[in-house]
Amino acid sequence: MDEEWTDGPQARALREIAWRYLPDEDALRWASLLRPGIRLVAEDGTGDTAELPAAARLGGLPRLPDGIPWPTGPAGAPLAFVAAVDCTALPAGALDVPLPPEGVLAFFASAPLDGGPDGRYRSGAAGTTPGRVVHLPADAPGSVRTAPPGVPVFPSARLAARPELTAPFPEHPRVRDAFALHTWEDPYGHPLYEQGFLD
């Protein structure tokens, strides 16, 4: 991973927050959970994104390889296309997880039946949002597909990729394991839940 993101301004700021609000041992443990990430941000034509590579597209219609059917959820209902990420356009060395070096990652998810947040989805149990990620090889012949009937098509927007560190919330399983919060009767009494640190 690029040293700019492990020891850059953002990393130092997050560590300073930990040292300010947590006991020393807890600050060290929490800082060890920081992980590199890539934020996908809308291209706005300003200096903020002008130097960043175009790496993804939100919404629109997907280009699928010939012979690959439109992805479906657990109940067999077609999923809505959400986004496509160009693996070759992601900043090199920005993540500590393996990603395909080429091709596109296409993201599909269930959409609410009525467009509202009432928990009723096209497939899966109430309150869940099943989805799929499909790797599309760069050299596979294919075409842009029309969405199946009833599947929403979201507005399209180009996204730039910005490397940054991510900090986990206290409810994240890695945090609960690292701090043994699952053994506490009241984990909300832990310093991680103090309002100053959360803010």
Side-chain angles (χ1 to χ4, degrees), residues 1-6 8-11 14 33-74 76-112 115 117 121-124 128-148 150-169 172-174:
M1 171 164 175
D2 194 320
E3 197 170 297
E4 176 185 356
W5 305 110
T6 57
Q10 185 186 23
L14 287 171
L33 298 174
L34 298 176
R35 287 292 175 269
I38 295 176
R39 181 182 296 273
L40 297 174
V41 295
E43 291 183 325
D44 57 12
T46 69
D48 194 37
T49 60
E51 302 301 317
L52 298 175
R57 180 172 51 85
L58 188 67
L61 293 169
R63 181 185 183 281
L64 296 176
D66 297 338
I68 291 185
W70 188 281
T72 58
L79 300 171
F81 173 66
V82 178
V85 176
D86 181 356
C87 295
T88 59
L90 295 177
L95 296 176
D96 64 356
V97 296
L99 288 179
E102 53 80 36
V104 171
L105 294 176
F107 293 78
F108 295 82
S110 291
Y121 287 87
R122 295 184 185 279
S123 60
T128 66
T129 311
R132 288 185 60 195
V133 179
V134 182
H135 178 247
L136 311 174
D139 56 356
S143 59
V144 175
R145 303 282 183 87
T146 300
V151 174
V153 177
F154 303 112
S156 182
R158 285 166 52 92
L159 302 174
R162 174 185 293 142
E164 64 178 38
L165 281 183
T166 61
F169 283 96
H172 193 283
R174 290 188 67 178

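- Taken from CZ in Arg39 to CD in Glu164, the straight-line distance is 4.0 Å, to the nearest 0.5 Å.
- The shortest heavy-atom contact between Gly60 and Val153 is O-CG1, 3.5 Å.
- The shortest heavy-atom contact between Cys87 and Pro100 is CB-O, 3.2 Å.
- Under the 4.5 Å side-chain criterion, counting only non-hydrogen atoms from C-beta, Val85 is not in contact with Ile38.
- Asp66 and Gly142 get closest at one heavy-atom pair: OD1-CA, 3.3 Å.
- Looking at every heavy atom in both residues, Leu136 comes nearest to Ala106 through CD1-CB, 3.9 Å.
- Contacts of Phe108 classified as ring pair (Phe, Tyr, Trp, His ring centres under 6.0 Å), with partners at least two apart in sequence or in another chain: Trp70, Phe81.
- Inter-residue side-chain proximity for Arg132 and Pro71 is flagged as met; some heavy-atom pair is nearer than 4.5 Å.
- Between Ala80 and Val151, the shortest heavy-atom distance links the atoms CA-CG1, 3.6 Å.
- Remark: Arg57 CZ to Arg63 CZ distance equals 11.0 Å, nearest 0.5 Å.
- Taking CG of Asp86 as the reference point, atom CG of Leu105 lies at 9.5 Å (rounded to 0.5 Å).
- Here the side chains of Pro62 and Val104 are not in contact, with every heavy-atom distance at 4.5 Å or above.
- The structure places CG of Leu58 at 13.0 Å from CZ of Arg158, a figure rounded to the nearest 0.5 Å.
- Of all non-hydrogen atoms in Glu102 and Thr88, the two that sit nearest each other are CA-CG2, 3.6 Å.
- One finds the CG atom of Leu33 at 10.0 Å from the OG1 atom of Thr166 (value rounded to the nearest 0.5 Å).
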